[in-house]
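The model shown is predicted, which means the values in this text are computed figures rather than measured ones.
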Amino acid sequence: MDMEVTAWMSLHHAMNAKDDRRPFSKATLRRIGRFARPHRRLLYAFLALSVVMAVLAVATPVLAGRVVDAIVDHSASSTIVKLAVLIALLALAEGALGLANRWLSARIGEGLILDLRTAVFDHVQRMPVAFFTRTRTGALVSRLNNDVIGAQRAFSDTLSGVVSNLVMLLLTFAVMIGISWQITLLALLLLPVFVLPARRMGTRLARLEREAAAHDAAMSTQMTERFSAPGATLVKLFGRPARESAEFAARARRVRDIGVRTAMVQHVFITALTMVSALALALVYGLGGWFSLRGTLDAGAVVSLALLLTRLYAPLTALASARVEVMSALVSFERVFEVLDLKPLVAEKPGAGTVPDGPVAVEFDDVRFAYPSADKVSLASLEEVATLDTRGGVDVLHGVSFRAEPGQMVALVGSSGAGKSTIAQLLPRLYDTDTGAIRLGGVDVRDLTFESIRDTLGMVTQDGHLFHESIRDNLLLARPEAEEDELWDVLRRARLDTLIEGLPDGLDTIVGERGYRLSGGERQRLTIARLLLARQRVVILDEATAHLDSTSEAAVQEALAEALDGRTAVVIAHRLSTVRAADVILVVEAGRIIERGTHTDLLAAGGRYADLYRTQFNDNTPLEPVA
Ligand SMILES: Nc1ncnc2c1ncn2[C@@H]1O[C@H](COP(=O)(O)OP(=O)(O)O)[C@@H](O)[C@H]1O
Ligand SMILES: [Mg+2]
């Protein structure tokens, strides 16, 4: 009981935070127009066809009236046959055109989904890492799926529906007034009785649907986060499964209640509609019959009127709720545009160049850096917070300068949180510096194409992520054209060949999400193999051997030494063996380089490095300095 109350409270809090409905700007509408532009031929065809279909729909009741008149007038039977054949032909034509019309609207709608999806995917892919560190994956995926589909509905269903219904309505009215304006006016009087409550119900339905959509999105976020291997592990270790379930159940129950309410509101709506149109029909028959008896109206006209009336209410219903539907569809468009409008903080300059051929030097020149604040990189609705943090982060790097000559190996050492990984991430432009410059082969990285950076620089990150794909695919990411024997060669060098040969599917074994089917060390060796395959000229290793035990480390060290040979390397090290091999050691503390030199020099200086050496690097390594 208590648990449910808290679950509910957090639920309401989240819902209120998300309610940011605004009127729609002309700019949004113009933008939707731009997305529709490529489909305008189909759109015109669709609209033209809608008009033709409306005309056909009105023609049949009129012809039916003619049949009745022919019967009453005792006309030649050939007239009746002709009319009947015409009615049949119209029905056939209506069917055929309906098919064409459906194809057109589906083609436009699905085409729009395609355009929006690819645009969003393309754009999100270009967002900097900072964006992904802040965004909830579930919210992003829902943006790609639900909102894109919602936006498409605005087009193929609502907007086009409004046009064809409007045409239908006007035409029907015109014909009815032409037959008997008195009866039409009287039937019209019933209209407000019906339209006013219909609008109220439309609004109510839309509100219910919006609430249900918010709950659906929240549930899918909860699932994507909890049902990943690391998420599930965390819940098992620290989580409160009962609380998680209660929260989920509270949402699911609310969705059920909304579903029942929606169904009831809809049914009441339809019943009311049927009743009003039945009343109007009675009116037409009664009044029309009376006029007919007095000779002011043909019997056929009464039948035509009655038939036309039944065709009046369907478009009326559609139009009554159209405003709300258009609005909610526009919300979807806005939510998609919101993502498309995010400017990638790290973007390629127009006319960006490439790294010069030959060995590459790496240079940091007075680099100061703070991680960007949330409002610069993300969207409140994707982080699922009310407002974004505008506070800029504090500086993490305070003027870092160093140079790795071509072929040199620079080692970064220092306490955890000192800024070593940050330095490593700036080189491949996972983030951009605020001040100072970072150069690859003498060129500022901000003046290089992403492709050139990727081709020049390889990195093994601290977490060594793998995709939930086969080992082969994970390796080929580095060099898609690599041959089979090259794959085995790098696996051998990373000491993974025997392990993978022993797997039932070999190279085609799927490594689970985040590589959970491999041990930490195996995963790390696979990322090293990937690096060896890519053969870039500059290599960054961020604690690449942290998860290895000392035996496999020794083996992998050999492979790494081979990989680093002749390359420029920045190595964030936690083992003495790596550090000692470095040409230059940089000691990083609190975002500054406080010492630099070779192992022997630094040890002799007796500063921070000597401290670290005694406390951190003395794992099974002889204490005496190497000559
Ligand atoms: N994505 C991030 N956003 C904000 N601050 C971060 C981020 N990543 C790291 N930091 C902060 O930057 C500092 C340096 O971190 P890091 O470079 O990862 O240290 P190291 O690799 O030396 O252990 C730490 O204080 C950390 O809290
Ligand atoms: Mg680190």
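- Under a 3.5 Å cut-off, the side chain of Arg243 and the backbone N or O of Arg240 do not form any donor-acceptor pair.
- Ala70 and Ile80 get closest at one heavy-atom pair: CB-CG1, 3.8 Å.
- A salt bridge does not link Arg126 to Glu348: none of the charged nitrogens lies less than 4.0 Å from a carboxylate oxygen.
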| task | Given side chain to side chain contact (heavy atoms under 4.5 Å, CB included), test Leu140 with Phe131 step by step and report yes or no. | result | CA-CA 11 Å; Leu140 195 59; Phe131 171 78; 4.1 Å; yes
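- For Val511 against His468, the heavy-atom pair with the smallest separation is O-CD2, 3.2 Å.
- A distance of 10.0 Å separates CZ in Arg204 from OG1 in Thr262, rounded to the nearest 0.5 Å.
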| said: Assess the residue pair Val141 and Ser220 against the criterion (side chain to side chain contact (heavy atoms under 4.5 Å, CB included)); give the C-alpha distance rounded to whole Å, side-chain angles, the decisive distance to 0.1 Å, and a yes or no. | reply: CA-CA 9 Å; Val141 170; Ser220 88; over 6 Å; no
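- Rounding to the nearest 0.5 Å gives a distance of 10.0 Å between CG of Asp298 and CD1 of Ile179.
- Between Val235 and Phe227, the closest side-chain pair of non-hydrogen atoms is not below 4.5 Å.
- Between Asp473 and Phe467, every side-chain heavy-atom pair lies at or beyond the 4.5 Å cut-off.
- Panel note: side chain His123, backbone Leu340; a donor-acceptor pair is recorded below 3.5 Å.
- Residues Leu476 and Glu481 form no side-chain contact, since every pair of their non-hydrogen atoms from C-beta on lies 4.5 Å or further apart.
- Remark: Arg261 CZ is loosely packed, at most 12 non-hydrogen atoms of other residues, nucleotides or ligands lying under 6.0 Å away.
- Side-chain contact between Thr60 and Leu307: absent, with no pair of heavy atoms (C-beta onward) separated by less than 4.5 Å.
- Looking at Leu104 and Arg107, their side chains never come closer than 4.5 Å, going by heavy atoms from C-beta outward.
- Across all their heavy atoms, Leu49 and Ala100 have their closest contact at CD2-CB, 3.8 Å.
- Atom CE of Met223 sits in a crowded spot, with more than 12 heavy atoms from other residues, nucleotides or ligands closer than 6.0 Å.
- When the options Leu308, Leu309, Thr184 are evaluated for a side-chain contact (heavy atoms from CB on, under 4.5 Å) with Val284, the one that passes is Leu309.
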| task | Verify side chain to side chain contact (heavy atoms under 4.5 Å, CB included) between Ile471 and Asp508, making sure each step is shown before the conclusion. | result | CA-CA 6 Å; Ile471 291 173; Asp508 296 310; over 6 Å; no
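- No side-chain donor-acceptor contact under 3.5 Å links Thr79 to the backbone of Ser75.
- Residues Thr172 and Met168 are in side-chain contact: their nearest non-hydrogen atoms beyond the backbone lie under 4.5 Å apart.
- Counting non-hydrogen atoms of other residues, nucleotides and ligands closer than 6.0 Å to OH of Tyr44 gives a total of 12 or fewer.
- Note that CZ of Phe337 and OG of Ser332 are 11.0 Å apart. Values are rounded to the nearest 0.5 Å.
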| query | When you look at Met127 and Val346, which way does the side chain to side chain contact (heavy atoms under 4.5 Å, CB included) test go after all the steps? | reply | CA-CA 7 Å; Met127 293 308 289; Val346 180; over 6 Å; no
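- The shortest non-hydrogen separation linking Ile510 to Ser470 is CD1-N, 3.7 Å.
- For Thr296 (side chain) and Ser292 (main-chain N/O), no donor-acceptor pair under 3.5 Å exists by modelled atom type.
- Not a single donor-acceptor pair under 3.5 Å links the side chain of Asn474 to the backbone N or O of Leu466.
- Between the side chain of Asp69 and the main chain of Gly300, a donor-acceptor pair closer than 3.5 Å is present.
- Ala64 and Ile87 make their closest contact through N-CD1, 4.1 Å (heavy atoms, listed as atom of the first residue, atom of the second, distance).
- The minimum heavy-atom distance linking Arg311 with Pro315 is given by the pair O-CD, 3.2 Å.
- Note on Glu247 versus Arg251: salt bridge recorded, some NZ/NE/NH1/NH2 to OD/OE distance being below 4.0 Å.
- Side-chain contact between Gln182 and Phe291: present, with at least one pair of heavy atoms (C-beta onward) separated by less than 4.5 Å.
- For the pair Ser304 (side chain) and Pro61 (backbone), a donor-acceptor distance under 3.5 Å is present.
- Within the 4.5 Å cutoff, the side chain of Pro372 has heavy atoms near those of the Leu345 side chain.
- A cation-pi arrangement is absent between Arg31 and Phe333, since the terminal nitrogen or guanidinium carbon is not both under 6.0 Å from the aromatic centre and inside a 45° cone about the axis.
- Other residues, nucleotides and ligands place more than 12 heavy atoms under 6.0 Å from the CZ atom of Arg472.
- The structure places OG of Ser245 at 11.0 Å from CZ of Arg226, a figure rounded to the nearest 0.5 Å.
- In this structure, OG1 on Thr28 lies 11.0 Å from CD on Glu338, to the nearest 0.5 angstrom.
- One distance of note links CD of Gln266 with CG of Leu208; it measures 10.0 Å at 0.5 Å rounding.
- At distances below 3.5 Å, at least one donor-acceptor pair connects side-chain atoms of Thr224 with backbone N or O atoms of Thr221.
- Within a 6.0 Å sphere centred on CD of Glu244, heavy atoms belonging to other residues, nucleotides or ligands number more than 12.
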